[in-house]
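Numbered from 1 within each chain, the chains take letters A, B, ... in sequence-line order.
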Amino acid sequence: MAIQLEKELNEMQCKAASITEGPVLIIAGAGSGKTRMITFRIAHMLEKGIPQSSILALTFTNKAAREMEARIKELTGKKLNKLTVSTFHAFGVKILRESINNLEGYRENYTIYDQADKNAAVKEAALHTGMGGENLDLYMVNNLISEIKTGRKKWDNTNDVYKKLYDRYLNHMVAYNAVDFDDLIVLPQILFEKHPEVLDAYRDRYKYIMVDEFQDTSMSQYNMVKLLAINNRNVCVVGDDDQSIYSWRGANYQNIVNFELDFPERVEIKLEQNYRSTKNILAAANNVIANNTNRKEKELWTGAAGGKSIEIFYPENEIKEAEFISDLIYRFSQEEGIKFHDIGVLVRTNSLIAVLEEQFLSNNIPYKVSGGQSFFQRKEIKDIISYMRIASNPDDDVNLLRIINTPRRGIGNTTLLKIRGLAEHQECSIFSAMTLITRAEDSSLKDSLRGHIIEFLDLINGYRERFLTGKNMGKTLRNLIEEIDYWGYLITDNSKNEKLARWKFGNVQKFIEFFENWERNPDNIKPTIYDYLNKITLVTRDDVDEEEEGKLNLMTIHASKGLEFMVVFLPGVEDHIIPHARAMEENPNNIEEERRLFYVAITRAREKLFITSCRNRRVMREVTETIPSRFIDEIPSELIILHEPDEVLDTSTALAQFAAMKAKMAAK
DNA sequence: GGGTAAGCAGTTTTT
DNA sequence: CTGCTTACCC
């Protein structure tokens with residue numbers, strides 16, 4: 001089987017896939033067949049005899065990583081157990097797993113904190129530095145910690161009041177033996193600095209590096225790539241500055257410029273032919289994004305036909321909007337035979353999802369939601385995970401506090417305060433303090449209380465031992481859940497709603513099954529509880545979906561990146577939503593990123609795009625009048641069918657329009 | 001000292 | 001919807 005790049009790819013794609021040596025910068029526009037090019041590039045490298053183990057491909061999401069691996073597998077028909085395709089964060093986990101013992105204070109059984117855990121840890125640190133309470137702007141402090149840690153910001157006289165809190169937070173994290181998401185990128189680099197021999201080993205191993213979604217890498221992520229690639233110089237980055245939509249998380253598309261400076265001999269390739277959208281949709285997207293300054297010159301073009309493929313409606317309010325969209329989708333499915341999974345409904349904020357979801361539910365439209373609260377973030381699942389985390393790392397105070405009295409075991413606030421005082425005094429973890437307090441002779445604890453604490457300690461210690469054997473962990477988990485009587489807890493806690501309790505317990509059962517499946521998976525050579533816990537912390541969405549096929553896609557625009565749909569609906573295209581009021585408040589320059597978001601949304605559509613903008617919308621409790629997004633005005637009017645605000649919403653016209661356009665395109 | 005019901009506020013985007 | 005505070009009961 002020889003891959004013929006020239007036959008499979010266009011000229012530019014082919015060039016991009018063939019140059020495997022030296023630095024390459026690929027600017028790949030939306031829908032330009034980027035994934036296809038990358039897949040062929042790696043397949044080509046393997047065919048040339050480059051060993052799998054020398055290749056490192058870094059992506060942004062787990063989903064992208066999985067997809068890339070699957071496609072390479074399909075193309076080459078090879079087993080890919082030596083190829084490293086991973087997200088930046090998962091790669092960080094891998095490095096830390098192999099070498100965290102070299103970092104002072106940390107141990108191998110470290111816990112990864114997600115946003116919620118981090119919040120709790122920050123609160124804790126604030127409490128200890130006397131900065132807690134209602135005045136604390138948790139969101140801001142969280143950001144500050146991240147910015148300082150990743151080097152995006154330095155201490156100055158506007159923020160150094162938080163230095164104490166920051167130091168405390170760092171100390172706590174080491175004491176908890178916990179790392180946050182930023183640490184997964186930053187700690188490996190500290191490790192490399194302190195132990196150049198470790199860095200050399202990674203440089204030796206990964207001679208070829210690829211980075212996907214390069215516009216979304218942060219400065220510290222780029223530094224990591226640079227560290228690894230600077231000697232061998234076989235590094236290929238692929239990105240599109242117009243699709244950079246994660247700057248709030250530290251993404252910096254200036255990295256494209258940095259790359260040009262650090263690798264001046266790079267070959268630069270632009271993929272500008274779009275294979276996805278109708279001429280009409282593409283023209284709209286091009287016109288919108290042209291309003292941004294400071295972008296790489298490029299113009300997407302397509303050989304596809306035109307057709308009036310964009311329609312704009314102005315429903316009365318968000319309920320009418322949801323009804324309209326839902327009805328239209330239903331008729332598309334019934335009368336045009338369009339599959340639900342070919343339709344995407346994309347929103348700017350998670351809060352817009354609920355109304356739509358409700359409508360789809362009552363119209364019996366099968367749908368799946370990506371983004372928002374992930375399965376692993378549900379309270380009942382987090383509880384169970386906390387038990388597992390404490391069993392694997394008892395020093396993790398944040399998770400201990402979550403479960404110490406869930407289900408109720410008679411350790412209330414006052415007792416807890418006493419224990420925490422002791423922990424503070426002894427500079428030890430809460431778990432250790434509990435052990436101490438049960439042994440103290442003069443302890444003022446009542447016997448019953450002491451009994452409760454001992455019972456808890458025995459429970460954790462017992463299951464810790466069982467989990468650490470690495471055998472029958474699923475069974476162990478089942479026993480644990482039974483022993484703490486989590487079912488009984490759910491029943492009493494949701495005494496007014498037994499159905500809810502049942503549903504929650506169903507989730508718990510599901511979680512156990514995931515865990516057992518993972519444990520049984522032969523790809524896991526030696527499954528440990530640490531590996532599992534680290535893995536699920538990095539999982540956000542979609543990994544849990546059972547049947548993907550045949551379901552309507554409902555998600556945020558952020559979550560839609562990299563996807564495409566035959567028909568796309570964009571609800572809530574209103575000022576204050578997109579561009580988002582909060583974003584604009586923060587910094588008026590954010591308008592460009594909001595525009596990029598709108599651009600990403602438009603370019604998801606292959607054949608048809610519906611934009612709706614409500615005239616009134618309920619936000620929290622109040623109904624407010626809204627105005628259409630300014631971005632609508634940036635689409636040339638000759639490209640769209642504009643329905644007047646007072647026009648009665650009519651799904652039939654929209655449907656007929658679509659049919660006519662299809663017929664016209666087919667005729668061409 | 002612990003448990004619990006009721007009332008209340010807070011939702012930009014995510015690894 | 002749910003996490004958090006508050007006030008009150010056992």
Looking at [X], I'd like to know whether one of its side-chain N or O atoms comes within less than 4.0 Å of OP1 or OP2 on [N].
| X | N | result |
| --- | --- | --- |
| A/T556 | B/dT14 | yes |
| A/K382 | C/dT2 | no |
| A/N62 | B/dT15 | no |
| A/N590 | B/dT12 | no |

In this structure, how many angstroms lie between the [atom2] atom of [N] and the [atom1] atom of [X], rounded?
| X | N | atom1 | atom2 | result |
| --- | --- | --- | --- | --- |
| A/R402 | C/dC4 | CZ | C1' | 14 Å |
| A/N350 | B/dG10 | CG | C1' | 14 Å |
| A/K63 | B/dT15 | NZ | P | 10 Å |
| A/N142 | B/dT14 | CG | P | 16 Å |
| A/N507 | C/dC1 | CG | C1' | 15 Å |
| A/L127 | C/dC4 | CG | P | 13 Å |
| A/D493 | C/dG3 | CG | C1' | 12 Å |
| A/Q377 | C/dT2 | CD | C1' | 14 Å |

Got a donor-acceptor pair under 3.5 Å from the side chain of [X] to the base of [N]?
| X | N | result |
| --- | --- | --- |
| A/W248 | B/dT13 | yes |
| A/R582 | B/dT12 | no |
| A/R348 | B/dT13 | yes |
| A/Y139 | B/dT13 | yes |
| A/H580 | B/dT12 | no |

Run the side chain to side chain donor-acceptor pair (under 3.5 Å) check on A/T111 and A/N393 step by step: do they pass? CA-CA 7 Å; A/T111 302; A/N393 173 21; 2.9 Å; yes
Listed by chain and number, what are the ring pair (Phe, Tyr, Trp, His ring centres under 6.0 Å) partners of A/F569, not counting sequence neighbours?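 Listed in chain order: A/F610.
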Comparing A/F181 and A/A583 on DNA chain B - which has the more 5′ nearest nucleotide: A/A583
For A/R582, all residues meeting salt bridge (Lys or Arg N to Asp or Glu O under 4.0 Å), sequence neighbours excluded: none
A/K118: partners by salt bridge (Lys or Arg N to Asp or Glu O under 4.0 Å), with sequence neighbours left out: none
Run the side-chain hydrogen bond (donor to acceptor under 3.5 Å, both in side chains) test against A/N143 and tell me which residues pass, sequence neighbours left out.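 So A/N143 forms no side-chain hydrogen bond (donor to acceptor under 3.5 Å, both in side chains) with any residue.
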Non-neighbouring partners of A/D383 that pass side-chain hydrogen bond (donor to acceptor under 3.5 Å, both in side chains), sequence neighbours left out: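 So A/D383 forms a side-chain hydrogen bond (donor to acceptor under 3.5 Å, both in side chains) with A/K379, A/Y486.
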Salt-bridge present (A/E380, A/K510; N to O < 4.0 Å): no
Looking at A/E593 and A/R596, is any side-chain nitrogen of the basic one under 4.0 Å from a carboxylate oxygen of the acidic one? yes
Anything under 3.5 Å between a protein N or O and an N or O of nucleotides 1-4 of chain B, put it in a table, one pair a line.
| residue | atom | partner | partner atom | Å |
| --- | --- | --- | --- | --- |
| B/dG2 | OP1 | A/G412 | N | 3.4 |
| B/dG2 | OP1 | A/T415 | N | 3.3 |
| B/dG2 | OP1 | A/T415 | OG1 | 2.0 |
| B/dG2 | OP2 | A/T414 | N | 3.1 |
| B/dG2 | OP2 | A/T414 | OG1 | 2.8 |
| B/dG3 | OP1 | A/G410 | N | 3.3 |
| B/dG3 | OP2 | A/N405 | ND2 | 3.0 |
| B/dT4 | OP2 | A/R408 | NH1 | 2.7 |

The nucleotide from B/dT14, C/dG3, B/dT12 with an atom nearest the side chain of A/T349 is B/dT12
At 4.0 Å (heavy atoms only), tell me whether A/F60 reaches a base, stays on the sugar-phosphate, or touches nothing.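 Sugar-phosphate, no base atom in range.
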Distance between the C1' atoms of B/dT12 and C/dC4, in whole angstroms?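 Between the two C1' atoms, the distance is 23 Å.
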